[in-house]
Asker: 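Handing you this structure, nothing more for now.
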Amino acid sequence: MSEQKKRAKLPRGFVDLSAADIAATEKMLAAIKDSYALYGFEPVETPLVEYTDALGKFLPDQDRPNEGVFSFQDDDEQWLSLRYDLTAPLARYVAEHFDRLPKPYRSYRVGNVFRNEKPGPGRYRQFMQFDADTIGTSSVAADAELCMMAADTLERLGIERGKYVIKVNNRKVLDGVMESIGLGGEENAGRRLTVLRAIDKLDRLGPEGVRLLLGPGRKDESGDFTKGAGLDASAVSRVLNFTGWKDAGTGAPGTSGSSEATLANFEDAVGQSQFGREGVEDLKVFRNLIETANYQDRILIDPSVVRGLEYYTGPVFEADLTFEVPGEDGKPIRFGSIGGGGRYDGLVGRFRSEDVPATGFSIGVSRLYAALKAINSPIVTGAARRGPVVVLVLDQAEIARYQNFVAQLRSAGIAAELYLGSSGMNAQLKYADKRGALCAVIQGSNERAEGKVAIRDLVLGAELAAATKDRADYIELRTRAQFSVPESELVAAVREVLGRHR
RNA sequence: GCCGCCAUAGCUCAGCUGGUUAGAGCGCUAGAUUGUGGAUCUAGAGGUCCCCCGUUCGAUCCGGGGUGGCGGUACCA
C-alpha cells in the first residue's frame with residue numbers, strides 16, 4: 001500500500017445489505033403490504049427528494065434548511081431535501097392532487113428516509129419506513145382502525161400476541177393536564193414542551209429521573225446537566241400521578257392493563273379543562289371501538305406516550321416490543337418502539353386554505369428487522385439464500401464445453417454459472433459452498449473420455465465430508481453425494497439433486 | 001451541541017522505564033491431495049503503529065493540538 005489509496009469505508013449511520021438481508025426485508029415488506037391491502041389501503045409512491053419548504057424544515061429566521069435534513073440547492077437556487085419521513089411528502093401529494101383523490105383517501109407507502117444527525121445503536125441516517133394514512137376524516141374510527149391494523153401486522157410478521165403492545169394517548173388530554181397545573185396559555189408554551197419531553201423519557205429514566213426533569217433539572221452520568229421545567233412539588237406529583245407512576249415509583253410501564261382505570265384517572269387529571277375533557281371523550285369512543293373489535297388486550301391507553309410534539313394534534317400511537325433479548329455483552333436489550341403515529345390535522349392544511357384532518361401509522365422497518373433477527377423469527381431466518389448451480393472448470397482448454405453445460409441448464413430454467421476464477425478444484429468447491437449452491441457439475445478428463453459428467457450434491461456432500469475420516473469413506477461419499485451420468489442427462493440429473501432439497 | 005473513554009494487520013488484541021527487522025490468534029489466498037468442500041501441516045498477501053506539531057541522539061510509546069470511533073446526554077419530524 002502506498003500513496004493515496006481511497007479509504008473503503010461506509011459513511012457512519014448507513015448500512016450495506018447482503019443478499020440475505022435483502023431477501024429477508026422483501027419478505028417483511030410483502031407481509032406488511034398484504035396486511036395494509038387487506039384493510040383497504042392502496043399504494044402510492046413519492047420521490048426521495050422534495051422542496052425543502054414543502055417539508056417545512058427551514059431554520060427559524062434563516063433561509064437555510066434545518067441541519068437535521070440532507071439538503072442541496074437546485075440550479076435555480078431552490079433548496080431541495082431528502083425526505084426525513086413519509087408523512088410530509090404525502091401531505092404534499094394529497095394537497096397537490098386533492099381534487100382527483102377519493103376522500104377519505106386511504107393509502108400506504110414504503111421507502112427509505114434520511115436524517116442527518118448522530119447515529120446510535122438502532123438509529124441510522126438512512127432507514128426504511130412503511131406508512132399507512134387516512135386523509136380527509138376526523139372519525140375516531142380511522143384512528144382505531146390504524147391501531148388494530150398495526151397489531152394485525154405485527155402478528156403477521158411473527159411477533160406473538162403479548163410480545164408487543166400498541167399504546168395510545170391523546171394530546172388534548174396532555175394539554176388539559178397542563179392547563180390544570182397552570183401551564184395553559186401562549187406564554188407557557190415553552191414550559192409545556194419541557195414537561196412533555198420529560199414525560200417522553202419515562203421509560204428510559206424512570207419516575208425519579210422524570211421528577212428531576214419536571215422540577216429543578218437532572219445531571220446525567222457523564223456530568224452533563226439538563227435544565228428542568230421548574231414545576232412546584234404538587235404540580236410535579238400531579239403530572240407523575242397522571243402518567244401512572246405514583247410518588248415512590250410504584251407501578252411500571254404497561255402493567256396497569258386496564259384502560260378503564262386509566263380513563264378514570266384522566267378525567268380526574270384534566271380537571272375543568274375544556275380541551276382535556278374533549279380528549280377524554282375521544283378516548284372513550286376509541287376504547288369502545290377497540291373493545292367491540294376485541295383488541296383490548298393488545299391496544300392500551302397509556303398516558304406516557306407523547307411523540308411528535310410538533311404536529312400531532314389528537315390521538316398518538318406507539319407500537320412497542322415488550323420482550324428483551326440478551327445482547328453481545330450479556331446485558332439485556334429491549335427494542336422498544338418499532339412504530340408510531342397519530343392524528344395530524346394541520347399538515348395538509350399547510351398547502352390549502354382549509355384544514356384537512358388526517359391520521360397515520362408508520363412502521364420502522366429497519367429497526368423491526370433487527371428485532372426480528374434477534375428473536376430468530378422465521379420470516380427473516382427462513383429467507384435463506386440459494387445459490388446457482390456451479391459448473392467447475394478443471395481444464396481451461398475445455399472452457400467452451402463447460403460453458404455449454406451452463407447454457408443447457410439455463411435454458412431449462414435452472415440458475416447456473418461457470419466458475420470464472422483461476423483456482424484449483426479444491427478452491428472451486430469452497431467457492432460453490434460459499435455461494436450457497438446446492439449442486440456442482442464436474443467434468444475432468446476421465447469423465448470427458450466417457451462422455452459423462454459428475455453431479456455433486458453439495459448438501460449431502462457437506463454432511464459426509466465433515467464425517468469422513470479415512471480414504472475408504474470417500475468411496476461411500478462418492479456414490480451417495482456424487483454420481484456420473486451421460487452428458488445428455490445433465491439437466492435431468494441436476495433437477496433430481498435440486499429436488500432433494502426443496 | 002455538551003460530557004467521558006478509546007485509536008497498532010480485514011477482526012480481536014500483544015508490544016518490557018522511549019532503542020533500530022512491529023508480533024500473535026482468527027480470517028483471507030494458495031499448496032500438500034493427476035481430481036473432491038472438513039481437519040491437519042506449509043507458504044503467501046496484508047501496517048504512513050489515526051494525523052500534525054513538540055520533547056529527545058532516537059517516538060508506536062512522552063506532551064500539546066486536531067481527526068475519527070464508542071458510550072452517555074440534549075435535540076429528534
Side-chain angles (χ1 to χ4, degrees), chain A residues 1-5 7-9 11-13 50 55-57 65-69 81-91 113-121 123 125 129 131 193-194 196-198 200-201 204-205 209 213 217-227 306-312 329 331 337 340-342 344 346-347 360 362 390 392-395 421-437 440-448 454-471 473-475 477-478 481-482:
Chain A
M1 291 293 282
S2 56
E3 325 81 72
Q4 318 109 318
K5 284 287 185 193
R7 196 170 64 129
K9 182 87 170 89
R12 69 192 177 125
E50 295 280 348
L55 299 177
K57 280 298 162 184
N66 203 328
E67 286 157 24
V69 300
S81 293
L82 291 180
R83 62 189 182 190
Y84 56 83
D85 70 9
L86 297 177
T87 310
L90 177 69
V113 302
F114 302 84
R115 295 187 187 181
N116 191 8
E117 57 192 24
K118 181 186 163 189
R123 289 184 61 167
R125 298 206 288 174
Q129 290 191 328
D131 284 24
L193 211 56
T194 308
L196 289 174
R197 284 176 186 149
D200 199 23
K201 294 181 176 62
R204 191 155 47 84
L205 301 179
L213 284 174
R218 173 178 178 273
K219 198 198 289 199
D220 68 52
E221 298 131 56
S222 68
D224 196 21
F225 183 77
T226 309
K227 195 162 162 265
V306 179
R307 297 193 73 88
L309 298 167
E310 280 186 37
Y311 67 62
Y312 287 133
D329 53 359
K331 272 191 288 186
S337 171
Y344 50 97
L347 249 198
S362 175
V390 175
L392 305 199
V393 175
L394 298 188
D395 185 348
S422 55
S423 299
M425 183 170 192
N426 216 315
Q428 296 193 37
L429 283 169
K430 281 187 189 175
Y431 169 82
D433 189 35
K434 228 172 214 183
R435 289 299 312 275
V441 173
I442 305 169
Q443 188 187 58
S445 52
N446 296 349
E447 286 89 356
R448 192 164 63 244
I455 311 298
R456 184 171 180 78
D457 181 331
L458 292 169
V459 177
L460 262 186
E463 289 167 19
L464 294 172
T468 298
K469 294 186 192 75
D470 55 59
R471 215 125 187 101
D473 287 341
Y474 273 129
I475 309 303
L477 181 154
R478 286 185 193 189
Q482 183 172 326

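Being a predicted model, the structure only gives us computed values, none of them experimental. Within every chain, numbering begins at 1; the chains are lettered A, B, ... in the order of the sequence lines, protein sequences first and strands thereafter.
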Asker: Applying side chain to side chain donor-acceptor pair (under 3.5 Å), name anything that partners Arg12(A), two or more places apart in sequence or on another chain.
Answerer: none
Asker: For a quick check of understanding: with a heavy-atom distance under 4.0 Å over all strands, which category does Lys201(A) fall into, base, sugar-phosphate or nothing?
Answerer: sugar-phosphate
Asker: Which stems does RNA chain B form, counting runs of 3 or more consecutive Watson-Crick or G-U wobble pairs with both distances under 3.5 Å?
Answerer: B:1-7 with B:67-73, B:10-13 with B:23-26, B:28-32 with B:40-44, B:50-54 with B:62-66
Asker: Between rC61(B) and rG54(B), how far apart are the two C1' atoms, rounded to whole Å?
Answerer: 15 Å
Asker: Taking the same atom, P, in rC62(B) and in rC5(B), what whole-Å distance lies between them?
Answerer: 15 Å
Asker: Nucleotides 25-30 of chain B: which of its N/O atoms have a protein N/O under 3.5 Å away?
Answerer:
unit_1	atom_1	unit_2	atom_2	d
rA30(B)	OP1	Ser423(A)	OG	2.0

Asker: Spell out, as yes or no, whether a donor-acceptor pair under 3.5 Å connects the side chain of Arg115(A) to the backbone of Tyr84(A).
Answerer: yes
Asker: For atom P, what is the distance between rC49(B) and rU42(B), given to the nearest Å?
Answerer: 30 Å
Asker: Under 4.0 Å between any heavy atoms, over every strand shown, what does Gln129(A) touch: base, sugar-phosphate, or nothing? Just pick one.
Answerer: nothing
Asker: Between rU34(B), rA77(B), rU73(B), which one does the side chain of Asn446(A) approach most closely?
Answerer: rU34(B)
Asker: Using a 4.0 Å heavy-atom cut-off across all strands, classify Leu55(A) as base, sugar-phosphate, or nothing.
Answerer: nothing
Asker: Taking the same atom, P, in rC70(B) and in rC57(B), what whole-Å distance lies between them?
Answerer: 41 Å
Asker: According to ring-ring contact (aromatic ring centres under 6.0 Å, His included), who are the partners of Tyr431(A), at least two apart in sequence or on a separate chain?
Answerer: Tyr419(A)
Asker: Give one of base, sugar-phosphate or nothing for Val113(A), where a contact means two heavy atoms less than 4.0 Å apart.
Answerer: nothing
Asker: Test of understanding: with salt bridge (Lys or Arg N to Asp or Glu O under 4.0 Å), list the residues that count as partners of Asp85(A), not counting sequence neighbours.
Answerer: none
Asker: By centroid distance (under 5.5 Å) and plane angle (under 30°), are Tyr311(A) and rA77(B) in a stacked arrangement?
Answerer: no
Asker: Determine the interatomic distance between C1' on rA24(B) and the same-named atom on rG63(B); round to the nearest Å.
Answerer: 31 Å
Asker: Taking side-chain contact (heavy atoms from CB on, under 4.5 Å) as the definition, give me every residue that meets it alongside Arg123(A), ordered by chain and number, with sequence neighbours left out.
Answerer: Glu117(A), Arg367(A)
Asker: Return yes if the base of rG35(B) and the side-chain atoms of Glu447(A) contain a donor-acceptor N/O pair under 3.5 Å, otherwise no.
Answerer: yes
Asker: When the C1' atoms of rG25(B) and rG71(B) are considered, how many whole Å apart are they?
Answerer: 28 Å
Asker: What does Arg123(A) touch in the nucleic acid at a heavy-atom separation under 4.0 angstrom: a base, only the sugar-phosphate, or nothing?
Answerer: base
Asker: Using a heavy-atom cut-off of 4.0 Å across all strands, would you classify Asn66(A) as base, sugar-phosphate, or nothing?
Answerer: nothing
Asker: Check whether any side-chain N or O of Arg204(A) sits under 4.0 Å from OP1 or OP2 of rG72(B), and answer yes or no.
Answerer: no
Asker: In whole Å, what separates the P atom of rG31(B) from that of rG37(B)?
Answerer: 12 Å
Asker: Has Arg197(A) got a side-chain N or O lying under 4.0 Å from the OP1 or OP2 atom of rC76(B)?
Answerer: yes
Asker: Need one value for Ser445(A): base, sugar-phosphate or nothing, where a base atom within 4.0 Å counts as base even if backbone is also close, heavy atoms only.
Answerer: base
Asker: Please tell me which of the listed nucleotides, rU36(B), rA77(B), rG72(B), lies nearest to the side chain of Glu117(A)?
Answerer: rA77(B)
Asker: Any idea which of rG71(B), rG69(B), rG37(B) is nearest the Arg12(A) side chain?
Answerer: rG69(B)
Asker: Reckon Asp457(A) touches a base, only the sugar-phosphate, or nothing at all at heavy-atom distances under 4.0 Å?
Answerer: base
Asker: Measure from CG on Leu429(A) to P on rU33(B) and round the result to the nearest Å.
Answerer: 18 Å
Asker: Between rU17(B) and rC13(B), how far apart are the two C1' atoms, rounded to whole Å?
Answerer: 23 Å
